[in-house]
Each structure stands twice: as C-alpha cells, then as structure tokens.
Visitor: 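First, the structure itself, so that you have it in front of you.
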Amino acid sequence: MKEFLTNSVYFGVIISLSAYIIGVKIKKKFKYCFLNPLLISILFVIIVLKILKIDYESYNSGARFLSYLLTPATVCLAIPLYQQLELLKKNVKAVMIGIISGVLSSLGSILAFACFFGLSHENYVTLLPKSITTAIGIGISEELGGITTITVAVIIITGVLGNIIADKVCKVFGIYEPVAVGLAIGTSSHAIGTVRAFEIGEIEGAMSSLSIAVSGVLTVIGASVFANFL
C-alpha cells in the first residue's frame with residue numbers, strides 16, 4: 001500500500017486537495033477564525049504522512065504540480081483591482097504611501113528581530129520575504145542565500161496569522177476605511193490574507209490584491225538593501 005502511494009504521481013495532489021476541502025468544510029461548520037482551511041490542511045497532510053510513514057520527497061513529487069497554479073492564481077487577483085480602478089486613481093498617493101510604509105515596516109521589524117535575538121545572516125535573509133507571496137519570496141531567499149524551505153514555512157505562517165487576526169488588529173487600532181484595511185492586510189499577509197480581505201469586502205479585497213503585487217516588487221528591492229545591514 002505504502003509503495004503504491006509513494007509511486008503514484010497523483011498521491012500528493014489528491015491528499016492536498018482532500019485536506020483543503022476538509023478544512024473548508026470544518027471552517028464553514030464551526031465558523032471559528034482560527035480554523036483556517038490552509039492551516040487545517042497542513043496539519044491534516046502532516047498527520048497522514050506520519051501515519052503512513054511517507055517521506056516529504058515522495059509526497060512532494062506529486063503535490064508540486066499544484067504550485068504551478070500559484071502564479072496564474074496571483075495574476076487573477078488583478079480582476080477585482082480593475083473593477084475598482086476609479087477608486088485607485090482617487091487614492092493613488094495614499095495607496096503608494098501605505099504600501100511603502102508596510103514594506104519598510106516588515107523589513108525593519110525583521111532587522112530588529114534579528115539584532116535582538118542575534119540571528120545569523122543566513123537566518124536573517126531567510127525571514128526577510130515573510131510578508132510577500134511565495135512565488136516571489138522563494139526567489140528572494142535563494143538570491144540572498146537564505147533557506148528556502150524555512151522561507152516558505154514563514155510565509156505560510158505569516159499569511160495564516162494575517163487571515164485569522166488581520167481584521168481584529170485593524171479594529172483594535174481603529175482602522176475602518178476600506179482602502180486602508182485592504183492595503184494593511186495585503187501588505188502584511190499576501191495572498192492568504194487577501195482571502196480574508198475579500199470576505200470583509202470587495203474594496204478591501206481589491207486593495208489587498210494590489211498590495212500583493214506592488215509590495216512584492218518593493219520587497220525585492222528593499223530586501224537586497226536590508227540584507228547588507230546585518
């Protein structure tokens with residue numbers, strides 16, 4: 001049985017999709033914010049692999065095909081942004097200042113974190129892309145000499161946390177303006193957070209989608225600069 005599963009090119013895809021569907025159903029049934037479908041699916045996959053004693057490489061040989069959909073899925077986020085184009089034009093200065101502030105805050109917080117805990121340069125650059133989408137973050141981590149597998153894990157954790165607590169953090173700090181909320185979520189927690197932004201509202205989702213692309217480009221530039229600070 002184990003040999004059949006590990007040799008099947010579809011095993012990784014099937015277990016990944018099944019885990020996510022289970023996560024979605026659990027979230028819909030119980031409606032607790034911490035029951036994030038992606039978080040549930042990650043835990044489910046880990047449990048299945050542990051029980052069946054299947055190594056990650058065998059699982060990923062099939063699951064990696066899902067990553068091919070990551071880039072086109074990110075590009076599709078441009079559709080709601082186009083629908084809010086007039087709103088973007090009216091707030092273009094505020095939008096750019098908001099995204100730049102978010103990127104600098106992300107990179108600056110990692111620098112402070114690394115200095116406080118005495119992290120090595122390798123660990124430091126591994127964490128720098130934490131707030132951008134995986135497709136871009138992996139490239140930055142590789143270029144700067146980071147550990148890409150940890151980078152992916154950190155990006156996912158950042159996104160899941162953003163999905164769970166972003167709207168509550170905005171309420172705590174009295175941020176209710178839809179454009180500001182969307183920019184804050186997208187800049188800090190990329191595509192996973194953007195899912196939550198769309199649940200809050202169409203404008204929030206559109207602005208969050210914009211933040212993913214722009215903050216990704218700015219982080220590529222900013223990370224190259226910040227990498228020299230430690």
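Just so we're clear, the structure is a prediction, and the values are computed from it rather than from any experiment.
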Visitor: Nearest heavy-atom pair of Leu38 and Tyr20: which atoms, and what distance?
Guide: N-CE1, 4.0 Å
Visitor: Heavy atoms, side chains only, cut-off 4.5 Å: are Glu204 and Ile185 in contact?
Guide: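 In short, these two side chains do not touch, never coming nearer than 4.5 Å.
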Visitor: What I'd like to find out is whether the side chain of Tyr124 reaches to under 4.5 Å of the side chain of Ile110, using heavy atoms alone.
Guide: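 With C-beta onward as the side chain, the pair touches.
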Visitor: Report yes if the distance between the aromatic ring centroids of Phe229 and Phe226 is under 6.0 Å, otherwise no.
Guide: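 Close enough - the centres of the two rings lie under 6.0 Å apart.
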Visitor: Donor-acceptor pair, distance only, cut-off 3.5 Å: does the side chain of Ser208 make one with the backbone of Gly186?
Guide: yes
Visitor: Donor-acceptor pair, distance only, cut-off 3.5 Å: does the side chain of Asn91 make one with the backbone of Ala94?
Guide: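 Between the backbone of Ala94 and the side chain of Asn91 there is no qualifying donor-acceptor contact (under 3.5 Å).
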Visitor: If you define the side chain from C-beta out and look only at heavy atoms, does anything of Tyr59 sit under 4.5 Å from Val48?
Guide: no
Visitor: Determine whether a donor-acceptor pair (N or O, by modelled atom type, separation under 3.5 Å) exists between the side chain of His190 and the backbone of Ile212.
Guide: no
Visitor: Counting C-beta onward and ignoring hydrogens, is there a side-chain heavy-atom pair between Ile200 and Arg196 closer than 4.5 Å?
Guide: yes
Visitor: Can you tell if the side chain of Ile140 reaches within under 4.5 Å of the side chain of Ile132, non-hydrogen atoms only?
Guide: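 A side-chain contact exists here, since the closest heavy-atom pair is under 4.5 Å.
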Visitor: Quick check on the hydrophobic clustering: are Leu161 and Ile156 connected, directly or via other members, by side-chain heavy-atom contacts under 4.5 Å?
Guide: no
Visitor: Quick check against the 3.5 Å criterion: does Ser106 have a side-chain atom that pairs as donor or acceptor with the backbone of Gly102?
Guide: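 Pair absent, no side-chain N/O of Ser106 close to backbone of Gly102.
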Visitor: Say whether, by atom type as modelled, one donor and one acceptor occur between the side chain of Ser215 and the main chain of Thr187 under 3.5 angstrom.
Guide: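 Between the backbone of Thr187 and the side chain of Ser215 there is no qualifying donor-acceptor contact (under 3.5 Å).
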Visitor: Checking the side chain of Thr151 only, and the main-chain atoms of Thr126 only, is there a donor and an acceptor separated by less than 3.5 Å?
Guide: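 Between the backbone of Thr126 and the side chain of Thr151 there is a qualifying donor-acceptor contact (under 3.5 Å).
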Visitor: Other residues, nucleotides and ligands only: do more than 12 of their heavy atoms fall within 6.0 Å of NZ on Lys168?
Guide: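 Yes, the 6.0 Å shell around NZ holds more than 12 heavy atoms from other groups.
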Visitor: Please check this pair: side chain of Thr133 against backbone of Ile136, looking for a donor-acceptor N/O pair closer than 3.5 Å.
Guide: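 Side chain of Thr133 to backbone of Ile136, a donor-acceptor pair under 3.5 Å: no, none is there.
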